[in-house]
Colleague: 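Can you read through this structure? Questions will come right after.
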2 protein chains.
Amino acid sequence: MSALTNAIEILRCFSSARPDLSFADVMALTGKPKSSTSRLLRSLRDCGLLEQDPHTRRYRPGLLTFELGRLHRAHDDLISMAERELREVCARTGHTGYIAVLDGFEQVVLRIVPGSNPLRVVNPPGQRTPALATSNGRAMLARLSDEDIRARVPATYPKLPRNSPQNFKQLMARLDEIRRTGVSEAADESIEGVGSQGFALKSGETGEMIGIAVSYSVQATTAAERANVRRELAAMAAKLRRLTGDPLDQDTARIQTGTR
Amino acid sequence: MSALTNAIEILRCFSSARPDLSFADVMALTGKPKSSTSRLLRSLRDCGLLEQDPHTRRYRPGLLTFELGRLHRAHDDLISMAERELREVCARTGHTGYIAVLDGFEQVVLRIVPGSNPLRVVNPPGQRTPALATSNGRAMLARLSDEDIRARVPATYPKLPRNSPQNFKQLMARLDEIRRTGVSEAADESIEGVGSQGFALKSGETGEMIGIAVSYSVQATTAAERANVRRELAAMAAKLRRLTGDPLDQDTARIQTGTR
DNA sequence: CAAGTCAGTTCCAAATTTCGGAACCGTGTC
DNA sequence: GACACGGTTCCGAAATTTGGAACTGACTTG
């Protein structure tokens with residue numbers, strides 16, 4: 001195991017649930033001996049990837065991660081194009097918008113567009129959640145091959161909220177439905193009372209994929225309003241797919257013009 | 001040289017001026033042989049610290065840096081307290097506010113508070129600039145010991161803008177002035193026509209230090225307005241120093257009450 | 001106030017990695 | 001067909017990492 005692998009293993013211990021860690025935390029989470037942990041933490045701190053609170057002695061991601069994280073944003077094009085469209089939809093509907101990417105079987109929130117409706121933002125950028133339990137996460141999974149999906153889902157199927165697919169078979173059924181209808185919806189999953197609709201966008205040029213969702217309070221929306229969101233999303237998806245050369249665009253076009 | 005050192009060396013090649021790099025760029029910037037560069041880039045990409053554009057094949061900071069960078073923000077207290085105060089001053093004066101930290105002889109922008117005056121934001125968060133050429137940078141340096149300052153300034157004094165201190169002696173003279181008067185000002189340095197005033201804030205609890213500045217157009221402000229900014233900053237500095245237990249607070253208090 | 005905990009540091013020989021030069025390869029371009 | 005770019009693979013020598021154990025120094029607790 002290389003020094004870099006070990007370093008990453010430590011860095012991956014940090015999350016929004018655990019934004020800072022003590023020496024003992026790191027030892028417990030990585031299972032590495034004391035001396036190794038000591039050396040590694042010092043290296044990471046010295047190089048700026050970690051910082052240490054002088055008072056509590058706890059470690060947290062460092063200045064370098066802040067700088068590099070800002071640069072990651074620069075990689076725009078697909079994301080900023082989607083964000084622009086999403087902003088308009090959120091302004092019209094008042095709901096909250098999310099853009100996320102897939103990483104393994106989880107998704108990471110990249111951008112959020114707060115809506116005018118007072119539903120507080122629950123997933124700030126950087127947040128990592130199981131993709132299986134969100135509308136845009138499942139929309140992204142639905143665009144992968146079945147083998148790829150199987151490879152991403154952990155050996156032991158994770159424990160998910162009540163309304164999420166509870167096993168691999170249920171998951172595949174939902175993904176098939178998304179593939180057939182092109183609509184991905186979630187309600188009362190990650191957070192009770194919150195629903196969302198989403199879709200996946202794939203750049204024809206680079207092949208990178210993002211998931212776009214609009215989120216709302218289930219109680220505070222009518223079926224008509226949700227249908228409206230569905231229409232808005234379908235229009236946005238069609239426009240973005242055309243703009244980005246999403247391979248799905250051709251399919252949809254063919255179907256609509258009866259070529260197939 | 002450890003694998004981690006090499007990895008960091010690569011990561012540090014990225015900057016807002018160079019947000020993405022080709023294989024050849026990395027080789028040239030690090031001076032490492034091809035095989036080492038290849039291995040290292042692959043490791044960094046595989047672990048999420050770098051991403052590779054599938055189309056251009058260029059490398060850029062990866063998803064992991066984005067996630068960790070968001071977590072760095074969590075380390076709030078001192079910064080968010082300062083930001084709150086800065087926000088009020090910027091609202092009152094209409095100017096743009098900056099909060100930065102010192103890293104070696106450079107500073108990194110952490111937060112910016114856009115003003116209502118239409119001076120475009122020139123230093124987005126994550127931006128790295130020589131601390132010697134900014135008002136808050138010099139204010140931070142002024143609070144270090146002379147040996148510490150000497151250790152931070154590179155062996156060959158850097159080439160700085162016209163109005164910045166041009167050599168070590170000039171620098172020390174300006175820092176002494178800041179120490180005497182408590183006021184740090186800059187005009188026409190990093191950017192022509194832009195001036196700023198700043199101060200350094202040090203937490204009495206953790207010892208961490210940040211630099212706070214208000215920036216404005218030199219042409220568009222009168223001497224009276226600049227004096228007003230000076231007063232606003234002095235008031236903010238006094239309040240924040242009291243709130244954070246800045247060691248300077250005791251000194252100032254002692255002087256003001258004539259204890260010394 | 002002795003004992004214990006937390007957060008490290010230092011040491012060392014053994015085990016593992018890394019290093020860099022060279023050869024090779026696939027794609028795109030002149 | 002040659003050349004450049006952007007890599008990958010191979011290999012032995014050289015350097016680094018590893019983990020157990022012993023040791024510190026600051027706090028806390030019984």
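All chains are named by letter (A, B, ...) in the order of the sequence lines, taking the proteins before the strands, and each is independently numbered beginning at 1.
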Colleague: Measure from CG on A/L21 to C1' on C/dA7 and round the result to the nearest Å.
Modeller: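 Roughly 14 Å, once rounded to whole Å.
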
Colleague: If you assign each of B/R58 and B/L4 to its closest nucleotide in DNA chain D, which residue comes earlier from the 5' end?
Modeller: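 Mapping each residue to its closest nucleotide by heavy atoms, the 5'-most match is B/R58.
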
Colleague: Base, sugar-phosphate alone, or nothing: which one does A/S22 contact when heavy atoms must sit under 4.0 Å apart?
Modeller: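 Sugar-phosphate, no base atom in range.
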
Colleague: For C/dA7, take OP1 and OP2 only and decide whether either is under 4.0 Å from a side-chain N or O of A/Q52.
Modeller: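 Indeed not, no polar side-chain atom of A/Q52 lies that close.
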
Colleague: Under 4.0 Å between a side-chain nitrogen and a carboxylate oxygen: does that hold for B/R152 and B/D148?
Modeller: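 Judged by the 4.0 Å cut-off on N to carboxylate O distance, B/R152 and B/D148 do form a salt bridge.
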
Colleague: Is any side-chain N of the basic residue among B/D53 and B/R45 closer than 4.0 Å to the acidic one's carboxylate O?
Modeller: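 No, B/D53 and B/R45 are not salt-bridged.
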
Colleague: Could you give the CD-to-P distance, from B/E9 to C/dC19, as a whole number of Å?
Modeller: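 Value for this atom pair: 11 Å.
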
Colleague: Under the salt bridge (charged side-chain N to carboxylate O under 4.0 Å, His left out) rule, what do A/K239 and A/E85 come out as? Steps first, then yes or no, please.
Modeller: CA-CA 9 Å; A/K239 182 172 180 189; A/E85 298 299 321; 3.3 Å; yes

Colleague: Working note: A/L78 + A/L240, criterion side chain to side chain contact (heavy atoms under 4.5 Å, CB included); need CA distance, chi angles, decisive distance, verdict.
Modeller: CA-CA 9 Å; A/L78 183 65; A/L240 283 171; over 6 Å; no

Colleague: So does A/S36 get a side-chain nitrogen or oxygen closer than 4.0 Å to the phosphate oxygens (OP1/OP2) of D/dG19?
Modeller: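 Yes, within the criterion.
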
Colleague: Would you mind reading off the distance between A/D25 atom CG and C/dT5 atom P, rounded to a whole angstrom?
Modeller: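 Interatomic distance, CG of A/D25 to P of C/dT5: 17 Å.
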
Colleague: Could you tell me the separation between the NZ atom of A/K32 and the P atom of D/dG20, rounded to a whole number of Å?
Modeller: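 For the pair A/K32 NZ and D/dG20 P, the rounded distance is 11 Å.
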
Colleague: Does this structure show an ion pair linking B/D146 with B/R179, if we count only N-O contacts that are shorter than 4.0 Å?
Modeller: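 Looking at B/R179 together with B/D146, the answer is yes, because their closest N to O distance falls below 4.0 Å.
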
Colleague: Answer yes or no: is there a side-chain heavy-atom contact under 4.5 Å between B/L68 and B/L64?
Modeller: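 A side-chain contact exists here, since the closest heavy-atom pair is under 4.5 Å.
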
Colleague: Check whether any side-chain heavy atom of B/I79 sits under 4.5 Å from a side-chain heavy atom of B/R111, and report yes or no.
Modeller: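 A side-chain contact exists here, since the closest heavy-atom pair is under 4.5 Å.
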
Colleague: Look at A/R128 together with B/E67 and state whether they make a salt bridge at an N to O cut-off of under 4.0 Å.
Modeller: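 Judged by the 4.0 Å cut-off on N to carboxylate O distance, A/R128 and B/E67 do form a salt bridge.
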
Colleague: Any Lys/Arg nitrogen of A/R60 or A/D20 sitting under 4.0 Å from an Asp/Glu carboxylate oxygen of the other?
Modeller: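 Judged by the 4.0 Å cut-off on N to carboxylate O distance, A/R60 and A/D20 do not form a salt bridge.
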
Colleague: What bend angle does the helix from C/dC1-D/dG30 to C/dC30-D/dG1 show across its length, from five-pair end axes and to the nearest 10 degrees?
Modeller: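 Between the axes fitted at each end of the helix from C/dC1-D/dG30 to C/dC30-D/dG1 lies an angle of 40°.
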
Colleague: Closer to the 5' end of DNA chain C via nearest nucleotide, is it A/R57 or B/N6?
Modeller: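 Comparing both residues, the 5'-ward one is A/R57.
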
Colleague: Output, in order, the C-alpha distance, side-chain angles, deciding distance and verdict of side chain to side chain contact (heavy atoms under 4.5 Å, CB included) for B/R241 and B/F199.
Modeller: CA-CA 11 Å; B/R241 287 193 173 126; B/F199 66 94; 3.8 Å; yes

Colleague: Is any side-chain heavy atom of A/I212 closer than 4.5 Å to a side-chain heavy atom of A/N136?
Modeller: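 Not in contact.
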
Colleague: Whole Å only: how far is the CG atom of B/L44 from the P atom of D/dG7?
Modeller: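 Computing the B/L44:CG to D/dG7:P distance gives 13 Å.
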
Colleague: Using whole Å, report how far CE of A/M27 lies from P of C/dT5.
Modeller: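 Value for this atom pair: 14 Å.
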
Colleague: Between P on D/dG6 and OH on B/Y59, what's the gap in Å once rounded to a whole number?
Modeller: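 Going from OH in B/Y59 over to P in D/dG6 covers 9 Å.
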
Colleague: Find every protein N or O atom lying less than 3.5 Å from an N or O atom of nucleotides 11-17 of chain C, and list the pairs.
Modeller:
{"residue": "C/dT17", "atom": "OP1", "partner": "A/M1", "partner atom": "N", "Å": "2.4"}

Colleague: Below 3.5 Å is the cut-off: list the nitrogen or oxygen pairs between protein and nucleotides 25-30 of chain C, distance only.
Modeller:
none

Colleague: C/dT9, D/dG6, D/dT8: which one has an atom nearest the side-chain heavy atoms of B/A24?
Modeller: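 It is D/dG6.
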
Colleague: Could you check how far CZ of A/R42 sits from C1' of D/dT16, rounded to whole Å?
Modeller: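 Taking atom C1' of D/dT16 as the reference, CZ of A/R42 is at 15 Å.
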
Colleague: Between B/L110 and A/L63, is there a side-chain heavy-atom distance shorter than 4.5 Å?
Modeller: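 Touching, per the 4.5 Å side-chain cut-off.
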
